[in-house]
Structure formats: structure tokens, C-alpha cells
Amino acid sequence: MWYFNIKSLGFFILLCFFSCISGEKYPVVMNNKNDNCVFSCDLNQVSVIWSGFKTTEKIKVTGQFKKFKSQKASNNKSYQSIQDLMEGLDFVIDSQSSVSGDPVRDLNLQDAFFRYFVERFMISGVFGKIQGDSISVSLNLMGQKNFKLGISYTNEVVNIKGSVDLIKQLNANMAFEAIQRKCYDLHKGPDGNSKTWSDVEIHIKAPITKKCN
């Protein structure tokens, strides 16, 4: 297996999940083929960050996926533009590698969420075309799902951001209901009510190596 450990925590699929782009505006990713530079990505420097929400006050809970792989990114090849690098970039995320700083929460996500959500705990997909400040992505989550995410390239870092509704966009009713039941008491706020939110935020942060002649 050719998994890579994430070294940086920037916050999660991903590589995930995503079509409702947040209100932020992202710079257009420019085509750089004319400046005699090439671009590559070191998977050891990539962060895949997720954020969920609990209680009626909508408290944010954040974690990251520590293991994932990409055939295209691991072939040590350089590309003439950010578009060439990102478009067609495949990925497989091991959802069992999700860590949030709370071992109980991590076990709950494995046992009462991901096992209902993805086959063999693996989230696979591929990035498609970049159009302006968005990039398309196709995910295999109990069937193929197609989305658009916000994308920017600034200070030699590609940031891909977005949010997804587990019910309305991913049809993950069984997984959502399972984690809602499992964490019923844990998701109670000061008002005594239990609330699990169906929207999840994703942030993929990929430092890019740029070499110019």
C-alpha cells in the first residue's frame, strides 16, 4: 500500500464532499504554462480537514484524515500548470484514519457513521475541470456523486473549500441517523436539547512546489 501520513494540521476528502460552496470568494486559478515553471505536490504536506457541528448553538468539531493516497500525485511528475496538476487528480481516503483529538468521538464516527457511508471505509474520487474559482469533483460514496468546490492558488498553496449537506446532497440518511442516535447525549447543549447538524465543511490544503527555469 502507498499511504502517506499528513504532517501538517490545517483543518477532511474529501477529498470530500461538498457542492455547497461557502460565501467566500476565491481567486481564479491562472494557467501558468507560459512562465517556464513546473508544479508538483508532496502528499506528505497535504492536509484534509473536516468540520462538523453539534448542539443547537452549532459548536464546531474539527478533525483530519491522516491517511490517503493518489496515483497521480505520487508519480513524482511535474506539471506545466496548476490545472494540469489538479485536473484528473485521483484520491483514496482511509476514513478510519480520521482523528479529532477525542478517541471516543473517533470510534463513534467509525462504528456509527463511516461504516454506513462508504464501502470498506474508503472514500475515492477524482478532481475534474477548473472553471474560474471552482473545481468539479466526482466521489464514490455508495454511488457516484458529482460536486463543485471553491478553489484558490495563493502563496504556492492550493486551497479547496466547501460544505455539503449529508441528507440533501449525499443521501446519507442512514449514516446521519446512526451517528445522531449514537451521540444523542453527547450532542446536548446548555438548553438540554440534542442536535446533530447535517452540514459538514471540508478544507483541503495542498502546498505546491514550483520550479522555474
Side-chain angles (χ1 to χ4, degrees), residues 2-52 60-94 97-101 123-139 147-164 200-213:
W2 29 285
Y3 286 107
F4 298 82
N5 289 322
I6 306 297
K7 293 180 179 177
S8 55
L9 173 58
F11 262 112
F12 295 140
I13 133 281
L14 82 91
L15 224 228
C16 108
F17 318 151
F18 330 147
S19 89
C20 246
I21 299 173
S22 69
E24 298 181 57
K25 298 298 183 182
Y26 303 98
V28 174
V29 178
M30 300 300 293
N31 191 308
N32 298 293
K33 288 185 176 181
N34 296 322
D35 61 5
N36 295 317
C37 296
V38 293
F39 304 84
S40 61
C41 177
D42 181 359
L43 289 180
N44 287 319
Q45 301 300 319
V46 174
S47 298
V48 181
I49 303 158
W50 60 261
S51 295
K60 179 180 286 190
V61 176
T62 297
Q64 67 170 333
F65 295 110
K66 294 185 68 177
K67 291 182 179 180
F68 59 90
K69 58 186 179 181
S70 170
Q71 183 68 55
K72 182 175 180 178
S74 65
N75 63 11
N76 297 318
K77 183 178 178 181
S78 296
Y79 297 86
Q80 291 184 309
S81 69
I82 298 299
Q83 282 90 338
D84 290 342
L85 172 60
M86 295 304 301
E87 293 179 355
L89 182 67
D90 60 296
F91 56 87
V92 179
I93 298 171
D94 182 355
S97 72
S98 176
V99 293
S100 64
I123 303 168
S124 62
V126 61
F127 288 109
K129 293 291 184 181
I130 294 174
Q131 295 181 315
D133 57 3
S134 68
I135 186 170
S136 62
V137 59
S138 176
L139 287 178
F147 307 97
K148 286 186 180 294
L149 301 174
I151 186 171
S152 67
Y153 174 61
T154 54
N155 299 321
E156 298 186 9
V157 176
V158 167
N159 284 283
I160 299 174
K161 294 182 179 182
S163 66
V164 62
V200 176
E201 294 179 352
I202 300 297
H203 180 191
I204 300 170
K205 185 179 180 180
I208 301 299
T209 299
K210 180 180 179 180
K211 295 181 180 180
C212 301
N213 295 326

[X] to [Y] - nearest heavy-atom pair and separation:
X    : Y    : result
I160 : V158 : CG1-CG1, 4.0 Å
S51  : T62  : OG-OG1, 3.0 Å
M86  : I130 : CB-CD1, 4.1 Å
S124 : V92  : CB-CG2, 4.1 Å
G162 : L149 : CA-CD2, 4.3 Å

Reported [atom1]-to-[atom2] distance for the pair [X] and [Y], which is rounded to 0.5 angstrom:
X    : Y    : atom1 : atom2 : value
I204 : I135 : CD1   : CD1   : 9.0 Å
L43  : K67  : CG    : NZ    : 14.5 Å
D84  : Y79  : CG    : OH    : 8.5 Å
K161 : S163 : NZ    : OG    : 12.0 Å

Quick check: does any side chain N or O of [X] sit under 3.5 Å from a backbone N or O of [Y], one acting as donor and the other as acceptor?
X   : Y   : value
S40 : S78 : no
S70 : D90 : yes
D42 : N44 : yes

Can you find a heavy atom in the side chain of [X] that is under 4.5 Å from one in the side chain of [Y]?
X    : Y    : value
F65  : V46  : no
N36  : C212 : no
V137 : F91  : yes

Checklist entry - Within 45 degrees of the axis of the six-membered ring of F127 and under 6.0 Å from its centre: does K72 put its NZ or CZ there? => result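 Negative - K72 is either too far from the ring of F127 or too far off its axis.
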Item to check | Aromatic plane relationship, F39 with Y153 - under 30° parallel, 30 to 60° tilted, over 60° perpendicular | outcome: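 The rings of Y153 and F39 stand perpendicular, inter-plane angle above 60°.
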